[in-house]
Amino acid sequence: MDVERYNAREVEPRWRELWDRSGTFLTQNGDSRPKYYVLEMFPYPSGRIHMGHVRNYTMGDVIARYKRARGFNVLHPMGWDAFGMPAENAAMQNNSHPAGWTYANIASMREQLKAIGLSLDWSREIATCDPGYYKHQQKLFLDFLAAGLVDRKRSKVNWDPVDHTVLANEQVIDGRGWRSGAIVEQRELTQWFLKISTFAEELLASLDTLDRWPEKVRLMQANWIGRSEGLLIRFEILPTPRTAATELEVYTTRPDTLFGAKFLAIAPDHPLAQDCAESDPGLAAFIAECQQRGTSAEAVETGEKKGYDTGLRVRHPFDVEWRLPVYVANFVLMDYGTGAVFGCPAHDQRDLDFANAYGLGNIPVICPPDADPATFKVTEIAYDGEGTLINSGFLDGLSSAQAKEEAARRLEESSIGNHPQGRRKVNYRLRDWGVSRQRYWGCPIPVIHCEACGAVPVPAADLPVELPKDVTFGEPGNPLDRHPTWKHVPCPTCGGPALRETDTMDTFVDSSWYFARFTDPRNETAPTSVAAVEHWLPVDQYIGGIEHAILHLLYARFFTRAMQATGHVGALKEPFDGLFTQGMVVHETYRSPAGDWLYPADVRVETQAGGARSAFRLDGGEEVSIGPIEKMSKSKRNTVDPDEIILAYGADTARWFVLSDSPPERDVIWTEEGVQGSAKFVQRLWRLVDELAGLAAPPGTPVPQGLPEGAAAVRKAVHGALIKVEEDIERLRFNRAVAQVHDLANKLSAAVGAIESPEVDAGMRAAFREAAEVLVLMFAPMMPHLAEECWARLGHSTLAANAPWPAADRAIVVEDTITLPVQVNGKKRADLVLDRGADTLAIEAAALALEQVQRALEGRPVKKVIIVPQRIVNVVA
RNA sequence: GCGGGCGUGGCGGAACCGGUAGACGCGCCGGACUCAAAAUCCGGUUCUGGUGACAGAGUGUCGGUUCGACUCCGACCGCCCGCACCA
């Protein structure tokens, strides 16, 4: 009598093996069905997957399996973002080689991913550290170089003087190198840049077309690109022995405030500042001080405005007699605009702070809409809004917008040194992308430096430029640079002795085109096949973490454009049509009285009657404190190992849990109770399907017309749930889809429970057959192993993974009678059960006749009755 | 500082275009089965009052629009995220 418990540990591997053997998830490029490309951001092969991966990849897998069932030819590939520093760090620590470490990690993570039961086409697997991949990346680099999309220029970097390496901003902690602890220096190095700024306007404008992206991400990208419209203004420098320069150009977005100018300020590394410093030791010292302070966030935060008067004076463009001093100021950035600004203290807080510190005063020239022009003054808070011009000569009385226009027009028409004094200019915050890294474990930049010929591209036939295997770690500096022979090669042009570029590429380059490579991953001769790219791309649904909202997604969008310009992607404009950013997996924290963090696996949590919870060590029983819920991290030990969960409960339980509870874009709290709930539900579904199988008609039995009430109700519940699950999966609202499956299971259990005699009528048997099959196929994208086992129990010898999505019949869901809630003055008082077709007159009469309505009216006359068809009745008294 | 988002039972969350607030799950309470426990099944569970039918209150706070507001508008409070000397 008792059904055997569903044994996930035994069942799941069996089905995975069958999927594998039958090639169920291999995708053919030539397939004639409509395509659907679903992609999750590929992982870094750190060695172990974590729950965040499980959540991310499960979501993608639900979509892939669902779309497959709906008749799409689905591309769902997986690969490895395999270059990067951790491999080099590991190499230093265990005296291993980055390649060995990385490929071993890939092998174990591949097994872990397979244990989740993801419907991936593993035949398309790629690893970015594979020469077969980075060979093509080098080709792309060379094509970009030929197309003028690559630049080589000097640029400031964070330099770690102990490790002899460049540090990314996030590797600088409190001004020190994260590994060496040495104080980081600002150094100028010659670096390779990809000219992303070429596409700044296009990358910004095209955001509007991405209507299946979260608004938040589009906004973050727009802010990052940071377009501003302004004016370049050249100021005439009064002749001085300090410099030969005759003019100084500034950038401003507020030419309307020109009459409020009190000074000009230039960046410490502005050429004019350097020039003046040669004859002014005080200035040289000030500049050195600014550079030492660096650009770290806290330096900026606490930074007071400091400046140094160069002694130079410039002429105000609207008044030949008016002189303005030129300061070198620590708050002016060299790499935005021209590295020089005019200071208008009344209408810019930075300028005001500076002016107040140096006693420069201020002139208000914009009067706020609600202020009196006669008395408006600025002391501590600058007014940076718009308003009406005052104290501004010919601009007086104009609005800010008019004044901007008028000032720009005048400056364009006046000229100094035969050039217009002002020029309109659109500026972007977005800088070119520096891709040089002084590291070993990355894609070599395929260039050879020759004394005679300069930087020479490696001929395409010589690609890939492979990383040498015999390298040493543990010493400071770049192993490639240190290698005795690798960098010495003849110049491809003149044949003379030359040196290879020893910088490798930023790993963000690797992930900027992998989605395109997946469409034809074994193409030996080219990075992509245009036909395959045009067929598969854009990615229909891309899923990943919000932490990549800016850089990765912007770089990939840039690459798409650069690849289009070099003929690699056909007419593709945007790489990702739909984007979804999922939340994290979080867990509460446990800490012993001694202050040690404890893994959830080492803690037993008890819930007392009434709901109070306390936690105890498994070894020793000591009580530990329960801390706040935080992102799973190794440092706080609040992690749960997917392998252990899968071993204990099975993959379907883990998949079900990460989909349930929270909306997918929000964080999900991992709890032991929740996981157990999911595990129980797996068992419950198995029992329910088993019971239904015993009561149901044989497979293939059609559902007859004119079912008795009980069977009709079952069908109604089934099709109602099916429609909702469809909508929920389409809209990625997995938590609601989960709730629908629960709800249907509850209803079907009740229907089975209501059967009294062992003789079930034919209508009910047919309805149960349909119910069981729909139920199984409905949860199959979410719990694929259980679905296969149930499908077999229902008498099928085919795979559920290959079964088409059941067709929902909307007509079945339509009710003959409707239940209308009746309100009196907006408060619900009763329900009204009526024929579907009842007209408003009949509804009104029936509503007013209700006893509860009359009682609530308390004798007041009815003013009107509002009837919203199929929705509600409101009696207004 | 600038930009964006979010505040709903004990908890995670539902609620379509302004139309029955609290679907579904977790927890808790009660019951059945059992010698007992686990597992399973059934019932209850926003708060207050009432044995009860029922009544009143209720979606961060205050106000507005509306026949009707979790939903729209305004102000405020709290939390979260991103950017941050970008002229």
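Protein chains get the first letters and strands the later ones, always in sequence-line order, with residue 1 at the start of each.
Note: Y383(A) OH to H347(A) NE2 = 9.0 Å, rounded to the nearest 0.5 Å.
On the P atoms, U71(B) is 27 Å away from G25(B), given to the nearest whole Å. Taking the C1' atom of each, C67(B) and C76(B) are spaced 29 Å apart, rounded to whole Å. C26(B) and G78(B): their P atoms are spaced 36 Å apart (whole Å).
G64(B): glycosidic angle beyond 90° from 0, hence anti. Annotated as syn: C17(B), whose glycosidic dihedral is within 90° of 0.
Between S228(A) and A87(B) there is a side-chain N or O to OP1 or OP2 distance below 4.0 Å. Contact annotation: N874(A) does not reach the phosphate of U20(B) (side-chain N/O to OP1 or OP2, under 4.0 Å). In terms of phosphate contacts, N735(A) brings a side-chain nitrogen or oxygen within less than 4.0 Å of OP1 or OP2 of A14(B). Taking side-chain N and O atoms only, R829(A) has a distance below 4.0 Å to OP1 or OP2 of G56(B). Distances shown here put a side-chain N or O of R733(A) below 4.0 Å from the OP1 or OP2 atom of A15(B).
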With ring-ring contact (aromatic ring centres under 6.0 Å, His included) as the criterion, how do F354(A) and F263(A) come out once you've worked through the C-alpha distance, each side chain's angles and the decisive distance to 0.1 Å? CA-CA 10 Å; F354(A) 187 78; F263(A) 61 93; 4.9 Å; yes

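Counting atom types as modelled, K305(A) pairs a side-chain N or O with a base atom of C85(B) as donor and acceptor under 3.5 Å.
Using a 4.0 Å cut-off between charged nitrogen and carboxylate oxygen, R424(A) and E229(A) do not count as a salt-bridge pair. Using a cut-off of 4.0 Å between Lys/Arg side-chain N and Asp/Glu carboxylate O, R218(A) and E215(A) are scored as salt-bridged.
Nucleotide C24(B) forms a Watson-Crick or G-U wobble pair with G12(B), both donor-acceptor distances falling under 3.5 Å.
In this structure, of U20(B), C67(B), G19(B), it is C67(B) that holds the atom nearest to the side chain of K864(A).
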